[in-house]
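Notes for the one structure printed next.
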2 protein chains.
Amino acid sequence: MYSRRVDTAERLIESTRELLWERGYIGTSPKSILARAGAGQGSMYHHFKGKADLARIAIDRTARELRAEVDRLFAGPGTAVERITAYLRRERDVLKGCPIGGLTQDSDVIADPELRRPIEETFQCLRDSLAGVLTEGRDNGEFDPSLDPTDTASTIVAVLQGGYVLARGANDAAQFDHAVTGILALLDHARVRQ
Amino acid sequence: MYSRRVDTAERLIESTRELLWERGYIGTSPKSILARAGAGQGSMYHHFKGKADLARIAIDRTARELRAEVDRLFAGPGTAVERITAYLRRERDVLKGCPIGGLTQDSDVIADPELRRPIEETFQCLRDSLAGVLTEGRDNGEFDPSLDPTDTASTIVAVLQGGYVLARGANDAAQFDHAVTGILALLDHARVRQ
DNA sequence: GTCTATATACAGATAGAC
DNA sequence: GTCTATCTGTATATAGAC
C-alpha cells in the first residue's frame, strides 16, 4: 500500500507545471518551485538532474494530458461542425493562456529539442484530429469538396492559439470568443447546403 | 547639425527592442542590454529610470512601427481579399515570432498596464483595419451579407498570431503558411459568386 | 531522502569619481 | 554623460550532515 501523502517528487513536478504555465521557463526559478512544493534544495537535486530535467518531465506530462483530452473530445459523436464547435467552445481559463502554446514564446524552450518536442507533438496531434474530422465531413457531404482538411486544421489550431494571445493582450477573455465565433461562421460558409 | 554617431540612449533603446523580441521581458537583463549597446551601467540609469522604463519606451516604439505599417498596407488599392492576402502573405521572419504578440506570454508585461497598453492598442488597430476592409467588401457585394466584419477580423488576427505559435512550436515556418492558406480559402467560401 | 551550508555568477540598482 | 565600484538579493548547483 502506497502512502496517502503525495510524495516530494510528485509535488515538485506539479509545482513546476503550475509555474511553467504562470511564468514560463525562463521566469521559473528552482527557488520558486521549492517554495511552492514545500521542499528543500536537496530533494530537488536528489530526484532530478536540475531545472531543465524537471521542466522536461513537467512539460511532457502537460502535453500528454492535453493530447488525451483532444483524443477524448474528438472521439465523441456528432457532425464535424458539432465536434469542432465543442472543442473550440470547451471551457478554459483563457487569460492563463495555453499551457503548451505559451511555451513557444520561451527562447530557452524552443532552443532545447527535449523541451520543444512535446509541444510539437501536441500541435501535431491536434492538427491530425481536426484534419480527420474535416476529412470525414468533406467525404460525407457536410463540407464543400474543395475544402482542404489539413490547411483548415492548421487554421483552426492557429485561431485557438491566437485567441489566447489576443485575450491576454487585451486582458479580456471575450477576445478569444470573438475569434472562435468568426472561424465557426467561416466554416459554416464552407458547408454544403441542401 | 546632429552628430552622425547614434547616441547612447538610442542604442540602448534599439538593443532593448531586439532583446525583447529575442528573449522576452523576463529574459532580458540590464546587463545584456548594456553589452549589446556597448554602454556602461551609468548610461542606462542616467537616461532611463530602470529596466521597466526602458522596456516601455522600446515596446511603444515597436508598437508604433507596427501600426504604421498596418496603416500603410491597408491604405493601398485592391479588393478586400487582395488587401487581406497582401497583409497575411507579406514577408516576415516567422520563426522569430511577432515582436508584439510574443510579449503577451510574459506575465510581467501583462501585469504592468504601462507595458501591456501598446500591445492592446496594436491589436485593436489591426482588428479595426481588417474590420474596415471587410465591411467595405461586404457592402460592395464582394462578401456574403451575413459575414460579420468584427468577428472575422478577430479571427484573421488570431490566425496570424497563432501561425507564429505553430511555426515556433514545430520550428518550421511553413506551419504559418498552412494556417494562412486555410483562412484565405475559408474567406473565399464567404465570397459572393456572380 | 531530506536538510542546511556553501559557492559562483548574475539581476537590478545606487553612489560617486571623472 | 559616462565610467567603475559597490550593494543586496537571487539563480543554479554542489557538499556533506543527519
Side-chain angles (χ1 to χ4, degrees), chain A residues 1-59 103 105-112 114-115, chain B residues 1-59 103 105-112 114-115:
Chain A
M1 179 176 171
Y2 295 100
S3 163
R4 275 191 35 236
R5 189 151 178 291
V6 177
D7 73 11
T8 302
E10 185 59 26
R11 290 202 318 279
L12 285 167
I13 295 171
E14 288 301 312
S15 299
T16 303
R17 294 215 300 156
E18 293 171 13
L19 284 163
L20 286 176
W21 195 357
E22 293 167 18
R23 308 250 328 147
Y25 180 77
I26 293 179
T28 295
S29 67
K31 185 174 187 173
S32 64
I33 294 170
L34 297 172
R36 187 166 299 204
Q41 289 271 78
S43 296
M44 171 171 158
Y45 287 99
H46 172 76
H47 292 287
F48 308 97
K49 291 199 209 73
K51 173 179 166 176
D53 185 43
L54 183 45
R56 185 184 49 74
I57 292 167
I59 294 173
L103 296 172
Q105 196 46 39
D106 212 304
S107 50
D108 286 0
V109 170
I110 294 309
D112 184 337
E114 293 271 315
L115 298 178
Chain B
M1 179 175 170
Y2 296 98
S3 162
R4 276 192 32 236
R5 190 151 176 293
V6 178
D7 72 11
T8 302
E10 186 59 25
R11 291 203 316 279
L12 286 166
I13 295 171
E14 288 301 313
S15 299
T16 303
R17 294 215 299 157
E18 294 171 12
L19 284 163
L20 286 176
W21 195 358
E22 294 167 18
R23 309 249 327 146
Y25 180 77
I26 293 179
T28 295
S29 67
K31 184 174 188 173
S32 64
I33 295 170
L34 297 172
R36 188 166 298 205
Q41 288 270 78
S43 296
M44 169 169 160
Y45 287 99
H46 172 76
H47 292 288
F48 308 96
K49 291 199 208 73
K51 173 179 166 175
D53 185 43
L54 183 46
R56 185 184 49 73
I57 292 167
I59 294 173
L103 295 172
Q105 196 46 38
D106 211 304
S107 50
D108 286 0
V109 170
I110 295 309
D112 184 337
E114 293 273 313
L115 298 179

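A, B, ... follow the sequence lines: proteins, then strands. Residue 1 opens every chain.
- Contact annotation: the side chain of A/Leu12 never approaches that of A/Arg36 to less than 4.5 Å [non-hydrogen atoms, C-beta and beyond].
- For C/dA5, its base never sits under 3.5 Å from the side chain of A/Gln41 at any donor and acceptor pair.
- Spacing between atom NZ of B/Lys51 and atom C1' of D/dT10 amounts to 13 Å, rounded to whole angstrom units.
- The separation between A/Asp108 atom CG and D/dA11 atom P is 15 Å, rounded to whole Å.
- Taking side-chain N and O atoms only, B/Tyr45 has a distance below 4.0 Å to OP1 or OP2 of C/dA13.
- Considering only side-chain N and O atoms, A/Ser29 lies nowhere under 4.0 angstrom from the phosphate OP1 or OP2 of D/dT10.
- Neither OP1 nor OP2 of D/dG1 sits under 4.0 Å from any side-chain N or O of B/Ser43.
- An OP1 or OP2 oxygen of C/dC10 is reached within less than 4.0 angstrom by a side-chain nitrogen or oxygen of B/Lys31.
- At whole-Å resolution of the value, CG in A/Leu34 and P in C/dT4 are 11 Å apart.
- Contact check for B/Glu114 versus B/Ile59: no side-chain heavy atoms found under the 4.5 Å cut-off.
- Rounded to a whole Å, the CZ atom of B/Phe48 is 12 Å from the P atom of D/dG1.
- Side-chain nitrogen and oxygen atoms of A/His46 include none within less than 4.0 Å of the OP1 or OP2 phosphate oxygen of C/dC3.
- At a threshold of 4.5 Å between non-hydrogen side-chain atoms, the residues B/Arg17 and B/Trp21 do not count as touching.
- In this structure, B/Arg11 CZ and B/His47 NE2 are separated by 9.0 Å, a value rounded to the nearest 0.5 Å.
- Rounded to an integer number of Å, the gap from A/Met44 CE to D/dA11 C1' is 10 Å.
- Of the two residues contacting DNA chain D, namely A/Thr28 and A/Gly42, the nearest-nucleotide position lying further toward the 5' end is that of A/Thr28.
- In this structure, CD of B/Glu10 is placed 15 Å from P of D/dG1, rounded to the nearest angstrom.
- Spacing between atom CG of A/Asp7 and atom P of C/dG1 amounts to 9 Å, rounded to whole angstrom units.
- Not one side-chain nitrogen or oxygen of A/Thr8 sits closer than 4.0 Å to the OP1 or OP2 atom of C/dG1.
- Rounding to whole angstrom units, CD1 of residue B/Ile33 and C1' of C/dA13 are separated by 13 Å.
- Looking only at side-chain heavy atoms (C-beta outward), B/Glu22 and A/Ser107 stay at 4.5 Å or farther from each other.
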